[in-house]
Asker: 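Input: one structure, supplied below.
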Amino acid sequence: MNTGPARGMRDFLPEDVRRRRHVIGVIADVYQQYGFEPLETPSVENLETLQGKYGEEGDRLIFKILKRGEGAETGQADLALRYDLTVPLARVVAEYRARLPKFFKRYQVQPVWRADRPQKGRFREFYQCDVDAIGSRSMVVEAELLAAAADVFTRLGFSDFVIRLNHRKLLEALLAGRQISKSSWADFLSAADDLDKIDVKDAVARLMEKGHDADGAASWINWLSQFKWRRGDARPLATFNEGLDKFETLFNTADQGHPQLTAREAAQTAIVDLKKILALCEFTSARGRVVFDFSLARGLSYYTGAIFEIAVPDLAGSMGGGGRYDNLIGMFSGEDVPACGISLGLERILVVMAERNMFPPSLVASSADVMVVQWFAHRTDLYLALATELRAAGLRVELYPEPPAEDNQKGATVKQFQYAQSRGIPYAAVIGQAELEAGTVSIRTLATRQDEQRPRADVAAYLKAKI
RNA sequence: GUGAGUGUAGCUCAGGGGUAGAGCCCCGGAUUGUGGAUCCGGCCGUCGCGGGUUCGAAUCCCGUCACUCACCCCA
């Protein structure tokens, strides 16, 4: 019998759970400080809710659930495990629009499932930490989302993260201005993202493999590369503005017939948005964190405005990302509702924090403050009573579960002390013959092997003072 | 979906045609109210599974499954 978890799934042992909860706790705490409210949605959605929202590749990766009864034979599916947290949010907003506040701000930390092939840092079940603001087109939303994300990473102990910022409309204007047909946009956007991982030459080659002409490909990639933020660069805000101005000038003076009027207008809108976001970020904790990066594209097709990603120097992928998607909710309700959100990659944050040893020591610490040792063979009542007293005083108490075969059996206490120490429990409480007669409890500090006799009535207070 | 690598004790791994190995873990002892060291002893295996070659296969060949890594795509 194979005892491992199913492919791409993971068991979380106590230490893992403590670490995950620590990070999730910080995230939830920060989001709440920004006025976001918690939301939870079912693991299972109707298949039709999910289908067609993530593109062709995304549809293929949806975990489907067979229809009950005859579906088991026919292979017909009508339900599916949720693929992300954004589409369920869009569904919820479309369903409860009237009951939700005009500006609905929600955060959601739940697992999602993808029938992907597992790989390093990639699983079939993983947590997403999403925060989204619904109902406003103001760039204040973007600025606050970036500030919240900056707060999260700062509080977790990251000092070297960078928020890459770009705008879908800017990219689209560029593509339109270059007379690139809409059917090719996905390839060119994907090539832009590639620049983060591979060099200019390879990115051009890859575009050509997809059937695009060499000049167009090279010109696009080279152009983007000029404004590429590179991992490790920590450019101050001024550089961003400079880059943007440079782009603006270039775009407006590129009169070789490339930019068309509509593309130019779209680009202007995007530039106004980006400048606004930057100006607002100056007054938040995202100050100094934001860099402008033309090559940021993001895979999901539903983005319509600003897009962003959080990067650290020692991880190839992103620690999270998001953007504005003003049309997604309309796919459910028929009425477009503006929305903008960001998703933090919990698993990747954990991977980097583990590699860098960033978890506070208290997290790997013990399951209990004190362990009650059993010395007499038939007085478990005594030890349970002591444990109960200590617990009532607010201590975390473990009772060694097995009494020795006889009173003070040879090696029995040794074994119990060893067990307590191996569990990282700092103190052991012993009531043996001498203690019973004197009405005391012997408190042993496992690390120093020092014992101290305390009157039974003082033990709880004594231990509370020590931990 | 494509490609590569690895499957041997509970865990980490050695052995690459001739009796199945080491370390760690666990259990017991040296040490009867005091444990992290050391030493001694013990437990532990269809060598992933199926077939083939061979006198003989953990070892070579074919197939298959699982895991890992990379591509695609993504968090």
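Below, chain A is the first sequence line, B the second, and so on; all start at residue 1. Values below: all heavy atoms of this structure, side chains included; hydrogens, waters and symmetry mates excluded.
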Asker: Less than 4.0 angstrom between a side-chain N/O of A:Gln119 and OP1 or OP2 of B:A70, yes or no?
Answerer: yes
Asker: Can you tell me the pairing partner of B:A14 across any strand shown, Watson-Crick or G-U wobble, with both distances under 3.5 angstrom?
Answerer: none
Asker: Looking only at atom C1', what distance separates B:C44 and B:G36, rounded to whole Å?
Answerer: 25 Å
Asker: Determine the contact category for A:Glu125: base if any of its heavy atoms lies under 4.0 Å from a base atom, sugar-phosphate if only primed atoms, P, OP1 or OP2 are that close, otherwise nothing.
Answerer: nothing
Asker: Measure centre to centre between the rings of A:Tyr107 and A:Phe36, then say whether the value is under 6.0 Å.
Answerer: no
Asker: Under 4.0 Å from OP1 or OP2 of B:C72: is there any side-chain N or O of A:Arg206 that close?
Answerer: yes
Asker: Between the side chains of A:Lys415 and A:Tyr419, is a donor N or O closer than 3.5 angstrom to an acceptor N or O?
Answerer: no
Asker: Rounded to whole Å, please give me the gap between CZ in A:Arg20 and P in B:A75.
Answerer: 17 Å
Asker: Reading RNA chain B from 5' onward, which residue's closest nucleotide shows up sooner: A:Gly432 or A:Arg60?
Answerer: A:Arg60
Asker: For the pair made of CD1 in A:Ile62 and P in B:C74, what is the distance, rounded to whole Å?
Answerer: 14 Å
Asker: Taking only the P atom of each, what is the distance from B:C49 to B:C11 in whole angstrom?
Answerer: 15 Å
Asker: Thinking salt bridges, do A:Lys53 and A:Glu45 make one under a 4.0 Å N-O criterion?
Answerer: no
Asker: Take atom C1' in B:A58 and the same atom in B:C24, then report the distance between them in whole Å.
Answerer: 23 Å
Asker: For A:Tyr419, answer base if it contacts any base atom (sugar-phosphate contacts may also be present), sugar-phosphate if it contacts only those atoms, and nothing otherwise; contact means non-hydrogen atoms under 4.0 Å.
Answerer: nothing
Asker: Taking the C1' atom of each, how far is B:C61 from B:G16, in whole Å?
Answerer: 14 Å
Asker: Which listed nucleotide (B:A70, B:G28, B:C74) is nearest to the side chain of A:Arg114?
Answerer: B:C74
Asker: What is the pairing partner of B:G41, taking Watson-Crick or G-U wobble pairs with both distances under 3.5 Å in any strand?
Answerer: B:C27
Asker: Would you kindly give the CD-to-P distance between A:Glu402 and B:C26, to the nearest whole Å?
Answerer: 15 Å
Asker: Glycosidic conformation of B:G15, syn or anti, with 90° from 0 as the boundary?
Answerer: anti
Asker: Taking atom P of B:C72 as reference, at what distance in whole Å does atom CZ of A:Arg122 sit?
Answerer: 10 Å
Asker: Checking all strands, does A:Ala428 fall into the base, sugar-phosphate, or nothing category for heavy-atom contacts under 4.0 angstrom?
Answerer: nothing
Asker: Round to the nearest Å and state the distance from A:Tyr400 atom OH to B:U34 atom C1'.
Answerer: 14 Å
Asker: Does B:C73 have its OP1 or OP2 closer than 4.0 Å to a side-chain nitrogen or oxygen of A:Ser190?
Answerer: yes
Asker: Which sits closer to the 5' end of RNA chain B, A:Leu61 or A:Glu435, going by the nucleotide each is nearest to?
Answerer: A:Glu435
Asker: For A:Ala6, which contact category applies under a 4.0 Å heavy-atom criterion: base, sugar-phosphate, or nothing?
Answerer: nothing
Asker: Can you tell me, in whole Å, how much space there is between the P of B:C27 and that of B:A75?
Answerer: 46 Å
Asker: In terms of relative ring orientation, are A:Tyr383 and A:Phe376 parallel, tilted or perpendicular, with 30° and 60° separating the classes?
Answerer: parallel
Asker: Work out how far the P atom of B:C60 is from that of B:G7, and round it to whole angstrom.
Answerer: 10 Å
Asker: Heavy atoms only, 4.0 Å cut-off, all strands: where does A:Gly121 land among base, sugar-phosphate and nothing?
Answerer: base
Asker: May I ask you to verify whether the side chain of A:Arg7 and the base of B:U68 hold a donor-acceptor pair under 3.5 Å?
Answerer: no
Asker: With respect to the side chain of A:Gln418, which nucleotide from B:C74, B:G36, B:U34 is positioned closest?
Answerer: B:G36
Asker: For the pair made of NZ in A:Lys210 and P in B:C71, what is the distance, rounded to whole Å?
Answerer: 14 Å
Asker: Are A:Arg289 and A:Phe161 in a cation-pi setup, meaning NZ or CZ lies under 6.0 angstrom from the ring centre and within 45 degrees of the ring axis?
Answerer: yes
Asker: Choosing from B:A75, B:U68, B:C73, which nucleotide comes nearest the side chain of A:Pro118?
Answerer: B:U68
Asker: For A:Leu346, report the nucleic acid contact type (base, sugar-phosphate, nothing); a contact means any heavy atom under 4.0 Å.
Answerer: nothing
Asker: Tell me the partner of B:A20, counting only Watson-Crick (N1-N3 plus N6-O4 or O6-N4) or G-U wobble (N1-O2 and O6-N3) with both under 3.5 Å; none if nothing fits.
Answerer: none
Asker: Both conditions, 6.0 Å and 45 degrees, for the charged tip of A:Arg298 above the ring of A:Tyr303: are they met here?
Answerer: no
Asker: Between B:U8 and B:C13, how far apart are the two P atoms, rounded to whole Å?
Answerer: 9 Å
Asker: Given that both distances must come in under 3.5 Å, which nucleotide forms a Watson-Crick or G-U wobble pair with B:A70?
Answerer: B:U2
Asker: Whole angstroms only, please: what is the NZ-P distance between A:Lys415 and B:C26?
Answerer: 12 Å
Asker: OP1 or OP2 of B:C72 versus the side-chain N and O atoms of A:Arg117: is any pair under 4.0 Å?
Answerer: no
Asker: Partner of B:A58 by Watson-Crick or G-U wobble geometry, both contacts under 3.5 Å, or none?
Answerer: none
Asker: Provide the closest heavy-atom pair for A:Thr304 versus A:Lys169 in the form atom of the first, atom of the second, distance.
Answerer: O-NZ, 3.2 Å
Asker: With rounding to the closest Å, how many angstrom separate the C1' atoms on B:G17 and B:G56?
Answerer: 8 Å
Asker: Sort out the partner of B:U32 for me: Watson-Crick or G-U wobble, both distances under 3.5 Å, none otherwise.
Answerer: none
Asker: Strictly by Watson-Crick or wobble contacts shorter than 3.5 Å, is anything paired with B:C47, and which nucleotide is it?
Answerer: none
Asker: With heavy-atom distances below 4.5 Å as the criterion, would you say the side chains of A:Tyr83 and A:Asp59 are in contact?
Answerer: no
Asker: Specify the separation, in whole Å, of atom CH2 of A:Trp113 and atom P of B:A75.
Answerer: 16 Å
